[in-house]
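Heads up: the structure comes next, in structure tokens.
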Amino acid sequence: MIAIAGAKGGCGKTTTTLGLAEAFGRGGTPALAVDADRQLPNLHVRGGIDREPTLAAARGEDDVLQVAQRDPRSSNVALLPAPKPSSQLDTEAALDRLAPDSVQSLIDCPSGAGPDVVDPLSVADGVIVVTTADDRSLDAAETTIEMANRLGVPVLGAIINRSSDVPETVRSWVDVPVLGVVPEIDDPLSSDDSRAVYDEIVRTLRTKNAAARTPPASADELLGTGIDALDRRLGGGVPPGTVVALTADPASQSEQLLYQTTAVRGSLYVTTRRSERNVDRAIEASTLETGSPTVRRIDGEGSALFDRFRDLLDKVPDGANLLVDTASALERRDREAYVAFMNDLKDGMVETDGVAVLHCPTRTVPENREITTHFADVVLELETVSPGVDADVEHYLSVPKHRADCGFSETIELRFDGTSNAITVPADEELAAGSDSGVAGERRADE
């Protein structure tokens, strides 16, 4: 059950509720849109249905779909108007029993920040914050986010209505990814452009909801890295609290490995070089399966850089990924300060049962790189080999360090296959340590 909320009236909550419900319907998931705004109900108006029957007529999930009316634009979507203000219905209790397992429920919340909003938020599994780009709406959206945090309701992300870009204010919100930007259109529910935005948001939600509903792993469980061949070799992944150092040439495909880790769970992607927008674009353009990480850029001189990073570290959710691209900007700082930072990073991952991945380019190795690899529980080395003209570039992943698996000696060949939308592995996926042919054999002989 997803609440669609925004403290300012007129920001487009009802249209967003209908747009997402119909997008779920187009994607094959039956959806139920429920109006929880008893004072200013609008779902029946925008949805083109009768004012009655309302939520008050639905006594439980067994008959909710019989009471709800069919959306004129989608046979896979049902609409349920809000009870009239005179009704004595307990809205929270009524919503709490309207959660058919086979139906995606969306609640159109009232505006403001009072008890009327608390009721639907309290029963929701997550909330999507809706705003326009004007300052009043953005301030109201921040109020909604604060309410959700106080109630312990996960904020799945934000949708920007009637805009062509993401406001800088929204980019500064931590743990609130932008799900989509809906342009200024007379009728967003009928426009192909806005429908495409809603469809993409639903695809993102399916990935995010699966990650959000996965409880943090216990100490004896393993967390997948998203690199299938590696996870299989590691028996499922790495322990919670693991710090990984990924070393690779800057001209390699190592960033694609970072992008793919975002598909397995919620992720905070910290960039020290590229802008947030450029990282977002790169992840969206990847042909691999990816998630929708929250991207934040940090910069600064001296200890200020570590302070900004610690502020973000304090906000990493339980069981999430923390991706640092690249770690070189941190490794070039004062040695003692970097050691203290790495201790804090490790403590933070252990406390949250998460996984940190530090992207470490090898073209110019900072002096403190040995501190990174010393602290890291797992070190991954990606080697890129170009056999020559008209030959495919080859990628080999090795694990020279793994505290929990001292016996790891294989080298894994990776293929970045855009047609399969995943990292795939050849049939001879793990080249034997004793191989006497190819690059792996040469590398083993050198060792």
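Predicted model, so just to flag it, every value in this text is computed and none were measured.
For the atom pair S191 OG and Y198 OH, the distance stands at 9.0 Å (nearest 0.5 Å). Atom CZ of residue R310 and atom CG of residue D344 lie 4.5 Å apart, to the nearest 0.5 angstrom.
Residues V155 and V129 form a side-chain contact, since some pair of their non-hydrogen atoms from C-beta on lies under 4.5 Å apart. Side-chain contact check for I298 versus L312: some heavy-atom pair is nearer than 4.5 Å. P120 is listed as a side-chain neighbour of C109, based on a closest heavy-atom distance under 4.5 Å. In this structure the side chain of N76 reaches within 4.5 angstrom of the side chain of P30, judged on heavy atoms.
Looking at residues two or more places apart in sequence or on another chain, you find no salt bridge (charged side-chain N to carboxylate O under 4.0 Å, His left out) involving R136.
Remark: the backbone N or O of D299 is paired with a side-chain donor or acceptor of R308 at under 3.5 angstrom. Remark: side-chain polar atoms of S286 are not paired, donor with acceptor, to backbone N or O of I283 under 3.5 angstrom.
The aromatic rings of Y259 and Y269 lie tilted to each other, with the angle between the two planes from 30° to 60°.
Residue D192 places its CG atom among 12 or fewer non-hydrogen atoms of other residues, nucleotides or ligands, all under 6.0 Å distant.
Between R273 and D325 there is no salt bridge, since none of the side-chain N atoms of the basic residue sits less than 4.0 Å from a carboxylate O of the acidic one. A salt bridge does not link E22 with R195: none of the charged nitrogens is closer than 4.0 Å to a carboxylate oxygen.
Each side chain to side chain donor-acceptor pair (under 3.5 Å) pair with one or both residues in residues 4-20, not counting sequence neighbours, appears once here: K13-S111, T14-D108, T15-R46, T16-N161.
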